[in-house]
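Worksheet for the structure shown next.
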Amino acid sequence: MTRYILRRLLLMIPVILLVTIGIFVLIRLEPGDPVLTFAGEDRNPQLLAALRHEYGLDQPLPVQYVIWLSHAVRGDLGRSFQTNQPVVEAMAQRLPATIELGAAALLISIVVSLVVGTLSAVRRNSAVDLLATGVTLVGVSFPSFFLGLILILLFAYVIPGHLLPPGGFVPLTTDVGQNLKRLILPAITLSTLSIAVNMRQVRSSLLEVFGLDYIRTARAKGLSERRVIVRHALKNALIPVVTLIGIQVGSIIEGAFITETIFIWPGVGLLAVQAIPSGDYPVVQGVVLVSALAYMFSTLLVDVLYAWLDPRISYEGAGS
Amino acid sequence: MSAAAGATAVLYAPRSGAGSLRVFLRRNPRLLIGGGVVLILLLAALLAPYISPYDPIATNVQDSLQPPTLRHLLGTDDLGRDVFSRVLWGSRISLSVGVISVAIGFSIGVSTGLLAGYLGGTFDLLAMRVIDALLAFPALVLAISITAALGPQIQNAMIAIGIVAIPGYTRLTRGQVLSVRSQEFITAARTVGASPLRIVLRHIFPNITNTLVVQATLSTAYAILAEAALSFLGLGAQPPTPSWGQDIAYSARYLANLDWWMSAGPGLAIFLAVFSFNFLGDALRDALDPRLRRIA
């Protein structure tokens with residue numbers, strides 16, 4: 001197992017290097033003088049020249065890349081054009097909000113798809129099953145930003161009593177109740193796509209497991225149906241779902257950009273989106289780099305979890 | 001030999017032209033429904049200049065914020081522009097982004113996949129690492145990053161969405177090539193002395209078109225959704241050009257006044273377009289790929 005993890009980490013190195021080259025190229029494609037990123041408000045020509053030298057911008061591009069990478073590795077992704085704040089610091093401030101929203105969405109997605117997916121597999125062709133299939137069909141095609149607006153319209157304006165605020169954020173440490181009130185709508189919006197995908201997967205892998213001999217044996221032993229489903233069937237049916245949840249982490253990261261924008265939820269996604277119109281590229285690409293790294297490591301984590309859950313899978317000597 | 005390979009490759013096993021197409025469609029009614037809706041959408045986009053009741057850009061302030069009526073089927077926005085006309089014109093942007101970005105992803109992705117699968121070796125290794133790097137980004141984040149770097153314009157959104165689509169085609173094509181490559185008719189073609197290029201284009205490619213047609217349909221759905229998301233974030237078409245995603249972002253400020261129709265039109269249009277391409281893609285997969293057909 002340790003060998004497998006080490007192998008995977010080693011295989012990730014060339015991919016991470018390519019990713020950083022890609023982001024470096026994107027940064028250089030952008031209009032504007034990158035030195036101004038570091039210099040901020042100070043436009044003293046001598047200082048600019050010194051900075052240009054310090055950051056190696058008078059060097060050929062491959063050398064520049066190595067210098068940029070060595071800064072990036074040490075957590076220096078440049079400064080925001082707008083606020084002159086180091087990009088890493090700005091992201092660190094916004095990260096808790098994004099993690100809270102992402103975790104809430106993932107939790108909703110897992111609970112709903114497990115419960116509804118199981119119900120629709122157990123009661124095949126029932127009303128629950130039909131409804132779940134409908135939600136799956138519609139959910140994968142429904143634009144999340146449109147759903148978010150509908151939810152705001154309903155819960156903040158149309159339904160009497162203004163049940164939930166239309167957006168905004170109160171830190172968890174300030175007021176738990178107000179924080180959760182503002183969390184509900186964005187978390188639902190962000191989880192919808194995952195629910196649609198996961199629910200179908202739970203249903204179909206449960207149906208597959210139901211046809212296996214050991215389930216018949218469990219039933220023949222006289223176990224209660226509930227015990228057969230929870231203790232025997234679900235345990236095996238969930239293995240493919242774990243992989244899927246790993247993929248959902250990607251869709252939750254990208255969904256955060258949109259959901260945070262709709263609900264003015266001050267996370268990393270909103271930070272990047274607000275930086276775009278003002279041409280604050282260091283912020284945009286910093287967020288992109290961190291998103292890619294987070295996505296890669298979550299994929300790795302899921303693969304490891306998968307190997308641990310299913311002892312039949314041996315990754316010894318398996319190719320990339 | 002190539003004729004035999006060709007016969008399995010065309011979209012359906014043809015007996016005689018139009019008659020067999022009719023039989024094929026009757027056996028797969030979902031294709032007819034999905035294809036019909038997609039066709040209507042394409043026609044609406046093509047004919048928008050002739051069938052849209054109003055100018056989508058000209059403002060008309062005394063008609064502003066009208067709820068849906070017979071005069072304005074989907075109501076009007078704050079500047080008195082007819083939402084229905086804007087939705088019709090917006091379909092031109094969405095569908096052209098769908099078609100062009102899929103063309104970009106398809107041509108680059110499929111040719112890379114064909115080469116990687118057929119040549120193997122160093123090219124395969126390098127190409128697949130680049131594909132891994134592209135897949136290391138969440139798709140929409142990569143599209144946002146590329147569009148932001150190139151500048152917020154609809155052409156750049158097309159390029160970005162096209163690049164994001166490349167890995168799907170490459171992986172699919174490469175996998176198919178690897179499985180077709182070892183079959184006997186390829187060995188036979190090689191024995192007869194066919195050049196590698198001829199083998200790839202005449203013998204391998206026709207055998208994977210079914211899978212690619214399905215992938216292209218599904219990725220058009222994704223491209224339309226991604227364009228709407230980029231436009232929603234201000235990275236796609238710029239005002240006053242009618243665009244579904246951007247119109248929804250614009251309408252958000254009128255939500256508190258309960259002027260729901262401003263976003264309802266474009267929102268439902270996005271859903272309808274994405275849904276019908278997804279529906280058609282699923283139907284095509286079931287009809288063209290017997291291995292995936294579910295025994296329901």
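Every chain is numbered from 1, with letters handed out A, B, ... down the list of sequences.
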Quiz item: So A:Y157 and A:H162, would you call those rings parallel, tilted or perpendicular, with 30° and 60° as cut-offs?
Solution: perpendicular
Quiz item: Are side-chain heavy atoms of B:V99 and B:T220 found at a separation under 4.5 Å?
Solution: no
Quiz item: Which bit of B:I144 comes within less than 4.5 Å of chain A, counting heavy atoms only: side chain, backbone, both or neither?
Solution: side chain
Self-check item: Proximity breakdown for A:S291 and chain B, heavy-atom pairs closer than 4.5 Å
Solution: both
Quiz prompt | Interface moiety of A:L137 toward chain B, non-hydrogen atoms closer than 4.5 Å | solution = both
Quiz prompt | Region of B:F232 in contact with chain A, defined by heavy-atom distances below 4.5 Å | solution = side chain
Quiz item: Are any of the side-chain heavy atoms of A:R123 and A:D129 separated by less than 4.5 Å?
Solution: no
Exercise. Pick one of side chain, backbone, both or neither for A:P277, based on which atoms fall under 4.5 Å of a heavy atom in chain B.
Key: neither
Self-check item: Atom group of B:L135 that falls short of 4.5 Å from chain A, counting heavy atoms
Solution: backbone
Practice problem: For the pair B:Y254 and B:Y250, name the ring-plane relationship: parallel under 30°, tilted 30 to 60°, perpendicular over 60°. | Solution: tilted
Quiz item: Is the closest side-chain heavy-atom distance between B:E227 and B:I154 below 4.5 Å?
Solution: yes
Quiz item: For the candidates A:V249, A:V138, A:L147, which exhibits the highest count of non-hydrogen atom pairs separated by less than 4.5 Å from chain B?
Solution: A:V138
Quiz item: Does B:R86 make a cation-pi contact with B:W89, if we ask for NZ or CZ under 6.0 Å from the ring centre and within 45° of the axis?
Solution: no
Quiz prompt | Contact check, side chains of B:T217 and B:F277, non-hydrogen atoms, under 4.5 Å | solution = yes
Quiz item: Would you call B:L65 and B:D77 a side-chain contact if the rule is heavy atoms closer than 4.5 Å?
Solution: no
Practice problem: Give, as side chain, backbone, both or neither, the part of A:V288 having an atom under 4.5 angstrom from any heavy atom of chain B. | Solution: both
Quiz item: Looking at side-chain heavy atoms only, is the closest gap between A:L17 and A:Y65 below 4.5 Å?
Solution: yes
Quiz prompt | Side chain / backbone / both / neither for B:I224 at chain A, heavy atoms under 4.5 Å | solution = neither
Exercise. Measure distances from A:L149 to the heavy atoms of chain B and classify the residue's part below 4.5 Å as side chain, backbone, both or neither.
Key: both
Quiz prompt | Residue part contacting chain A, namely of B:A221, when any heavy atom lies under 4.5 Å | solution = neither
Self-check item: Selection from B:L142, B:L272, B:T147, B:L268 maximising heavy-atom pairs under 4.5 Å formed with chain A
Solution: B:L268
Self-check item: Interface moiety of B:A139 toward chain A, non-hydrogen atoms closer than 4.5 Å
Solution: both
Exercise. Report yes if the side chains of A:T20 and A:W68 come closer than 4.5 Å at any heavy-atom pair, otherwise no.
Key: yes
Practice problem: Give the member of B:I248, B:I146, B:L134, B:L150 that has the highest number of heavy-atom pairs under 4.5 Å with chain A. | Solution: B:I248
Exercise. Under 4.5 Å, counting heavy-atom pairs only, tell me which of A:V19, A:I152, A:V273 racks up the most with chain B.
Key: A:V19
Self-check item: Interface residue of largest heavy-atom contact number with chain A, from B:A256, B:A252, B:S263, under 4.5 Å
Solution: B:A256
